[in-house]
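Lettering follows sequence order; numbering is per chain, from 1. All figures in this text were calculated on a predicted structure; none of them were measured in a lab.
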Amino acid sequence: MEWQGVIKEIGPYLYISDEFPHGVSVNLKERKRSDDIDPETDEEVIVAGWVQTIRKKGKIAFILLRDRGGVVQVTALKNEMGEEDYGRLTKVQRESVIAVRGKVQKSEYVKRGFEILPIEWELLNEADAPLPMGVVDKVNVELDTRLDNRFMDLRREEVMAIFALKSTMLSAIRNNLEEKGFLEVQTPKILKAGAEGGATLFKLDYFGENAYLAQSPQLFKQILMSTGLERVYEIAPAFRAELSDTTRHLSEFTSLDFEMSFIESQDDVMDAVEEMLDSAIKAAIEDGEKYLEILGIELKAPKRPYPRISFEEAKKMLAEKGKQVENDLDTEGEKILGEIMAEKGYDAYFVVEYPEEEKPFYIMEKDGTPWSYSFDLEFRGQELASGGQREHRPDVLEERMRKKGLDPSDFEFYLKAFKYGMPPHGGVGIGVERLIQKALRLENVRETTIFPRDRFRLVP
RNA sequence: GCCCCGGUAGUGUAGCGGCCUAUCAUGCGGGCCUGUCGAGCCCGCGACUCGGGUUCAAAUCCCGACCGGGGCGCCA
């Protein structure tokens, strides 16, 4: 269709058109979100959204129109609209996008207390039928089908609720960290070398040179400790080419990392983690009430202080339950410990001082012992985060690298920062998706990622 | 990487050698209905992942491919 809009000059550099070129007669600039409509008014409003269902009852039809603000009922009367218009409106396919100009009317019949009597309406985009999956159907839809059709899956209120809560919690986390003087940073995700070892890396071609996707911002956030920024945090993707295919692994996940200087001990880091998580969960409870209700979740902030159990103690606690572990908690050990702690009323707890042998080179050893100044945060039997005090003395750090079979010369860019004034520091890395998964008691991490990447999924 | 399990209308399922012209629900199409709200009622539409094999006979048994689910290890 030809452009029919009128270009109106507002100033020397700004113009707007006052008509939409597609010939929409219902003015979307006047559109109101359904939760902004005052049920007491009897004025005209314009609403637009997705046709969720149409219940036809002969000469009256109820069209449920969904937008971000919820579902609003448009009540169509054949006698008011005329047979043709009524017929067209009530035959619109589900999930089509329409705009309606109509009169607000209080109504005892409708749950929301009002309905809209259409005066004029327009089909903005018709949906094909059948739908690849139902939005409100009572049949179950498998996760794989849902992820293949994520755009439609996200139209379901219980799916949207997860992401609304994720957003709320991340926002609370940012506020909490900012209040404590943390600065948000972004570190590179394309790296020359893989750094930590352990986790597998995604290799890529970087202008003819080998490069890797970052598995963690670890080395960079530590380098930043030597700059005087003192406290930094980053919420960014991390990539792991692990062959894991479980309900708690992703190839690309969001890593929430922070690092803080001048700590007295790793307890300072754990204190910060605890406060941060507490604020996130409380925000979800206070600001996300409506979404928790949709999900049918009763969320409680974990009892504080989060217990700090040494690895040796944890080992003993497990031994009492007949579970033997060596240098690390295996999945079963984690779950059993989760049950033991749940009985004592704790959802969240730290396991501290893991054997240094199990921990990466940058963790500080507890001198003269086989342990390290490290911790894992466990949440209902699953590892959510790990952190600790870092080794800030360059000579000891190099020695630890060699002990781990790494060549310090490969880490020049990193070690350099330790040679010209590096304060004692510590930090943590938290799996954001796992946090959301555990907090909302979801069975699969993929539920917490809008477009998850896993071993077998690269699309969409 | 290892170990189990599965692929049936658009979606979710039942059937697991002949009773299958394949069950049920949802969906889609049509019809009735002016206060529905998981609307209801009636009629209709729509499927055995692909390739090979066994058998008189395969959705059903065997092999392979592809796709998916769960667990372990590893991790966040």
**Q** Is there, by distance only and without an angle test, a donor paired with an acceptor across the side chain of A:R94 and the base of B:C28 below 3.5 Å?
**A**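 Per atom types, no contact qualifies.
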
**Q** Round to the nearest Å and state the distance from A:D245 atom CG to B:C74 atom P.
**A**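 Taking atom P of B:C74 as the reference, CG of A:D245 is at 17 Å.
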
**Q** Between A:E252 and A:K189, is a side-chain contact (heavy atoms from CB on, under 4.5 Å) present by the stated rule, with each step listed?
**A** CA-CA 11 Å; A:E252 176 178 345; A:K189 300 304 156 208; over 6 Å; no

**Q** Determine whether the aromatic ring of A:F253 stacks with the base of B:A76, defined as ring centroids separated by less than 5.5 Å and ring planes inclined by less than 30°.
**A**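 The base of B:A76 is stacked with A:F253 (centres under 5.5 Å, planes under 30°).
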
**Q** At 4.0 Å (heavy atoms only), tell me whether A:E433 reaches a base, stays on the sugar-phosphate, or touches nothing.
**A**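 Contact class for A:E433: none.
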
**Q** Counting any heavy atom closer than 4.0 Å, what does A:K359 reach on the DNA or RNA strands: base, sugar-phosphate only, or nothing?
**A**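 Touches nothing.
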
**Q** Would you please say whether a donor-acceptor pair under 3.5 Å links the side chains of A:S107 and A:Q105?
**A**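 No.
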
**Q** Report yes if at least one side-chain N or O of A:K111 is closer than 4.0 Å to OP1 or OP2 of B:G35; otherwise report no.
**A**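 For B:G35, OP1/OP2 do not have a side-chain N/O of A:K111 under 4.0 Å.
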
**Q** Is a side-chain N or O of A:K221 found less than 3.5 angstrom from the main chain of A:V232, in a donor-acceptor match?
**A**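 Not at all, since once roles are kept as given, no pair shorter than 3.5 Å links the two residues.
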
**Q** Can you tell me if A:Q218 touches the phosphate of B:A76, counting only side-chain N or O atoms and a distance under 4.0 Å to OP1 or OP2?
**A**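 So the side-chain polar atoms of A:Q218 never come under 4.0 Å of the phosphate oxygens OP1 or OP2 of B:A76.
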
**Q** Using atom C1' of each nucleotide, how far apart are B:G30 and B:U21 to the nearest Å?
**A**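 Taking atom C1' in both B:G30 and B:U21, they lie 24 Å apart.
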
**Q** Yes or no on salt bridge (Lys or Arg N to Asp or Glu O under 4.0 Å) for A:K166 and A:E433, after CA distance, side-chain angles and deciding distance?
**A** CA-CA 9 Å; A:K166 187 178 183 181; A:E433 285 79 13; 3.4 Å; yes

**Q** Let me know the distance between CD1 of A:I173 and P of B:A76, rounded to the nearest Å.
**A**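 Between P of B:A76 and CD1 of A:I173: 17 Å.
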
**Q** Ignoring hydrogens and geometry, is there a side-chain-to-backbone donor-acceptor pair from A:E126 to A:Q93 under 3.5 Å?
**A**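 The answer is yes, because a donor-acceptor pair under 3.5 Å joins these two groups.
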
**Q** Taking atom P of B:G31 as reference, at what distance in whole Å does atom NZ of A:K57 sit?
**A**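 Going from NZ in A:K57 over to P in B:G31 covers 17 Å.
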
**Q** Using Watson-Crick and G-U wobble pairs with both distances under 3.5 Å, what is the 5'-to-3' dot-bracket string of RNA chain B, with [ ] for crossing pairs and | for pairs outside the strand?
**A** (((((((..(((.....[.....)))((((((.......))))))...(((((..]....))))))))))))....

**Q** Mind calculating the distance between CG (A:L65) and P (B:C37) to the nearest angstrom?
**A**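 After rounding, the reported distance stands at 19 Å.
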
**Q** Is a donor on one side and an acceptor on the other found under 3.5 Å between the side chain of A:K323 and the backbone of A:E334?
**A**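 No, A:K323 side chain to A:E334 backbone: no donor-acceptor pair under 3.5 Å.
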
**Q** Tell me the interatomic distance from A:N140, atom CG, to B:G12, atom P, rounded to whole angstroms.
**A**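 Rounded to the whole Å, the gap is 7 Å.
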
**Q** Looking only at atom P, what distance separates B:G6 and B:U23, rounded to whole Å?
**A**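 The answer is 23 Å between these two P atoms.
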
**Q** Given atom OH of A:Y109 and atom C1' of B:C37, what is their separation to the nearest angstrom?
**A**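 Rounded to the whole Å, the gap is 13 Å.
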
**Q** Could you tell me whether a side-chain N or O of A:Q266 sits under 3.5 Å from a main-chain N or O of A:G426, the two making a donor and an acceptor?
**A**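 It does not hold such a pair.
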
**Q** Please give the distance between the C1' atoms of B:U8 and B:G68 as a whole number of Å.
**A**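 Each nucleotide's C1' atom is 15 Å from the other's.
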
**Q** For the rings on A:Y362 and A:Y414, is their centre-to-centre separation under 6.0 Å?
**A**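 So the answer is no for these two rings.
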
**Q** Could you check whether the side chain of A:R248 and the base of B:A76 have a donor-acceptor pair of N or O atoms closer than 3.5 Å, going by distance alone?
**A**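 Under the 3.5 Å cut-off, the side chain and the base do not form any donor-acceptor pair.
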
**Q** Is there, by distance only and without an angle test, a donor paired with an acceptor across the side chain of A:S244 and the base of B:C75 below 3.5 Å?
**A**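 No, no donor-acceptor pair under 3.5 Å.
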
**Q** Does A:R55 make a side-chain N or O approach to OP1 or OP2 of B:A39 shorter than 4.0 Å?
**A**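 Result: yes.
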
**Q** Between B:C24 and B:C43, how far is it from one P atom to the other, in whole Å?
**A**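 The answer is 12 Å between these two P atoms.
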
**Q** How far, in whole Å, is B:C74 from B:G1 if one measures between their C1' atoms?
**A**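 10 Å, rounded to whole Å.
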
**Q** For A:Y233 and A:E184, does a side-chain donor sit closer than 3.5 Å to a side-chain acceptor?
**A**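 Side chains of A:Y233 and A:E184: pair found under 3.5 Å.
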
**Q** Can you measure A:M152 atom CE to B:G27 atom P for me and round it to whole angstrom units?
**A**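 Taking CE of A:M152 and P of B:G27, I get 15 Å after rounding.
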
**Q** Counting only non-hydrogen atoms, which of residues 315-334 of chain A are less than 4.0 Å from RNA chain B?
**A**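 Output list: A:D328, A:D330, A:T331, A:E334.
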
**Q** Regarding B:U11, can its base be found pairing with the side chain of A:E142 as donor and acceptor, where the two atoms are less than 3.5 Å apart?
**A**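 A donor-acceptor contact between them is absent.
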
**Q** Rounding to a whole Å, what distance do you find between A:L77:CG and B:U36:C1'?
**A**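 Spelled out: CG on A:L77 to C1' on B:U36 is 12 Å.
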
**Q** Pick the P atom in B:U26 and in B:G40, then give their distance to the nearest Å.
**A**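 Going atom to atom, P in each nucleotide, I get 8 Å.
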
**Q** Please work out which of the three classes, parallel, tilted or perpendicular, describes the rings of A:F239 and A:F202, given edges at 30° and 60°.
**A**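 A:F202 vs A:F239 ring planes: perpendicular.
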
**Q** Below 3.5 Å, does any donor atom in the side chain of A:E242 face an acceptor in the base of B:G73, or the other way round?
**A**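 When only heavy-atom distances are counted, A:E242 does not reach the base of B:G73 through any donor-acceptor pair under 3.5 Å.
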
**Q** How about CD on A:E158, more than 12 heavy atoms from neighbouring residues, nucleotides or ligands closer than 6.0 Å, or not?
**A**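 More than 12 within 6.0 Å, yes.
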
